[in-house]
Amino acid sequence: MNDWSLEPARDHGLRGIERHRSLVRENGLATSCMRFILWCCLRPALSIWHRPRITGREYLPSSRPFILVSNHTSHLDGILLASLLPTSWRDHVFPVAASDTFFEKRPAAAFAARFLNALAIRRRGAHNHDLEEMRRRLTQEKEVFIIFPEGTRSRTGEILAFRSGIGRLVAQTNVPVIPCHLDGCFRAWPPGKHFSKPLSVGISIGPPMIFDDCSDDRAGWDSIAKRLQAAVENLAGRQQASTLPGAADQLP
Amino acid sequence: MNAATAERFFGYEHAFTHPVTRGIVIFLVSALVLTPIIFMGLRRTVQIAAATYAELWARWRSWIWISMALIVPILLGAAWVIAGVFMLSLLCYREYARATGIFREKMISLSVVLGICLISFAVIDNYPRLFFATPVLGIGLIAIVTIPQDCPKGFIQRVALGVMGYLFFGFSFGYLGLMTSDPLYRPLILLLLLGVEMNDVFAYCSGRFFGGRKLLLNTSPGKTVSGALGAVVLTTCMIVIVGHFFMFPRTPMDHWPMLLILGMGISVFGQFGDLLLSSIKRDIGIKDLGHLLPGHGGLLDRFDSLVIITPLYYHFLSLVLGPLGRGQAERIISGGTLP
């Protein structure tokens with residue numbers, strides 16, 4: 001007879017904010033139900049308030065795991081990208097959020113963890129252990145991550161240089177990374193404002209990229225970050241061309 | 001809802017009418033007040049390590065919350081007891097589910113929660129036939145709910161874990177709510193709680209005093225044979241005295257064999273409940289099931305003793321005294337007939 005596999009929750013023993021911050025956080029029925037209600041309200045609200053124009057939806061994989069990578073200009077970005085995915089995946093989609101912004105105070109951390117399912121990552125001094133844990137969740141538990149490789153919201157609306165952390169996560173794995181570009185979020189909800197304006201936003205999704213042949217070292221990580229940044233910038237150029245008539249002529 | 005039901009549900013005016021309720025509440029309050037004085041006295045006379053001292057205070061603080069959470073609803077009325085038992089069932093199942101890993105099966109957890117809702121409904125409605133049907137209905141739901149996923153791998157484990165959680169923390173604890181159908185529910189529930197909690201205290205004290213051979217080394221290394229036997233003797237004495245003089249005078253329970261069976265039953269099966277949860281913890285390989293109560297561990301580490309004894313207590317009293325809650329209005333919400 002086989003032994004049963006009794007595996008306690010990985011965050012068993014953690015309490016309060018420690019649990020919200022934990023990368024091994026696992027949620028049960030109550031949180032899943034709260035999240036379901038939130039998404040049922042948030043989806044129609046987003047589509048009425050921001051009327052997203054989505055291009056390239058066919059590139060979104062139908063099976064997990066994968067990573068959505070995008071430029072970052074506002075707090076809208078994470079929920080807009082998460083809203084592209086089925087509600088039934090709500091417990092498997094993790095927007096990766098800065099620990100120092102969202103996980104400092106308990107109410108904010110509880111909201112980020114319970115409702116948005118955000119995963120806390122330290123912007124500076126993230127341990128190898130943390131990245132190992134994220135890689136494990138990605139490859140073994142087949143989760144979806146939403147990552148903003150710029151590391152912060154752009155204060156000008158321009159795309160900043162992508163950091164190499166994303167490379168450390170996906171080098172030599174066959175997890176697809178889907179580059180996305182968000183347009184109009186900066187105008188709708190720039191950093192420093194408390195609420196978003198009811199402006200239309202554009203979401204363009206590019207073809208998946210796989211980095212199983214990239215070396216798992218500094219050079220490999222940098223090249224992955226560069227290739228992804230180029231892909232997102234390419235999407236940005238295309239989006240500009242499609243939204244501004246006449247601007248297409250100025251593109252190379 | 002007739003006047004008797006309203007009185008049973010919300011009538012806090014007569015909370016202290018019964019001498020057992022009065023006595024147990026006074027005993028508990030004085031114990032909680034005296035404990036810090038004993039702590040401070042101990043610290044002056046005997047050398048206690050700072051860590052042990054802090055642990056004692058943490059336990060005392062937790063005890064205050066536990067006592068409030070137990071006593072206040074019982075004094076306020078049956079509606080509050082039922083609500084409290086509902087929350088207790090949900091929280092205990094949550095701890096169990098997170099410890100065993102069954103929480104990952106959301107459909108099973110949902111079925112257990114629905115089952116607990118049904119049990120609470122049967123209790124509020126005062127519909128005993130529905131209450132006694134809830135195990136079958138709940139187990140049926142838990143068993144079929146994951147079949148449509150077409151994933152037979154792990155079926156036996158997830159259904160068995162779900163059923164176990166449902167029966168122990170939903171159905172078994174539900175009896176605490178069911179007892180509120182009797183007008184004398186306050187002393188009845190308080191006597192059971194006093195019995196199992198003092199049983200723990202007696203086991204600890206006599207174990208420390210006599211020491212000696214371990215009871216079950218692999219299951220619970222802290223427990224000794226002398227502790228278990230001491231608890232049986234002391235708890236039985238306590239229940240017999242309270243039962244004979246205050247709780248059951250001039251009733252069919254007021255015979256020595258009945259009172260002895262009740263006292264020994266509370267002690268023995270209270271300890272088995274404790275060992276049952278210890279076995280679960282050892283099997284998984286964790287120390288505490290939760291972390292809600294500092295100094296105690298989780299809720300289940302505190303209420304483990306009630307898992308087996310509660311249904312036995314109800315059925316034993318019903319056998320001897322006649323069904324508890326007899327003569328009360330049944331099916332208050334679903335629409336029954338008055339007796």
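Just so it is clear, the model here is predicted, and its values are computed rather than measured. Any value given below was found using the heavy atoms of this structure, including those in side chains, with hydrogens, waters and symmetry copies removed. The sequence lines fix the lettering, A, B, ..., with proteins before strands; numbering per chain opens at 1.
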S.K.: If you check every heavy atom in residues 54-74 of chain B against those of chain A, which residues fall under 4.5 Å?
M.R.: none
S.K.: Going by the ring-ring contact (aromatic ring centres under 6.0 Å, His included) test, name the single residue among Y96(B), Y93(B), F86(B), F303(B) that passes it with F169(B).
M.R.: Y96(B)
S.K.: Spell out the residues in residues 105-121 of chain B that have some non-hydrogen atom less than 4.5 Å away from a non-hydrogen atom of chain A, in order of number; otherwise answer 'none'.
M.R.: K106(B), S109(B), L110(B), V113(B)
S.K.: Would D301(B) and L277(B) satisfy side chain to side chain contact (heavy atoms under 4.5 Å, CB included), going step by step from the backbone distance to the final call?
M.R.: CA-CA 8 Å; D301(B) 295 298; L277(B) 265 294; over 6 Å; no
S.K.: Non-hydrogen atoms of chain B under 4.5 Å away: do they reach the side chain of N27(A), the backbone, both or neither?
M.R.: backbone
S.K.: Counting only non-hydrogen atoms closer than 4.5 Å, does L90(B) touch chain A with its backbone (N, CA, C, O), its side chain (CB onward), both, or neither?
M.R.: neither
S.K.: Do you know the tightest heavy-atom contact between V69(A) and P149(A)?
M.R.: CG1-CG, 3.5 Å
S.K.: Please report the interatomic distance CD1(I189(B)) to OG1(T180(B)), rounded to the nearest 0.5 Å.
M.R.: 6.0 Å
S.K.: Answer yes if the ring centres of F102(A) and H20(A) are under 6.0 angstrom apart, and no otherwise.
M.R.: no
S.K.: Would you call the rings of F111(A) and F115(A) parallel, tilted or perpendicular, taking 30° and 60° as the class edges?
M.R.: tilted
S.K.: Are side-chain heavy atoms of F168(B) and I308(B) found at a separation under 4.5 Å?
M.R.: yes
S.K.: When you look at CZ of F36(A), are more than 12 heavy atoms from neighbouring residues, nucleotides or ligands closer to it than 6.0 Å?
M.R.: no
S.K.: Stepwise, does the side chain to side chain contact (heavy atoms under 4.5 Å, CB included) test hold for V93(A) with R64(A)?
M.R.: CA-CA 10 Å; V93(A) 176; R64(A) 306 191 305 261; 6.0 Å; no
S.K.: If you measure from CD1 on I205(A) to CD1 on I203(A), what distance do you get to the nearest 0.5 Å?
M.R.: 6.5 Å
S.K.: Can you confirm whether more than 12 heavy atoms, excluding those of I210(A), are under 6.0 Å from its CD1 atom?
M.R.: yes
S.K.: Quick check on the interface: out of E26(A), R10(A), R15(A), who has the most heavy-atom pairs with chain B under 4.5 Å?
M.R.: E26(A)
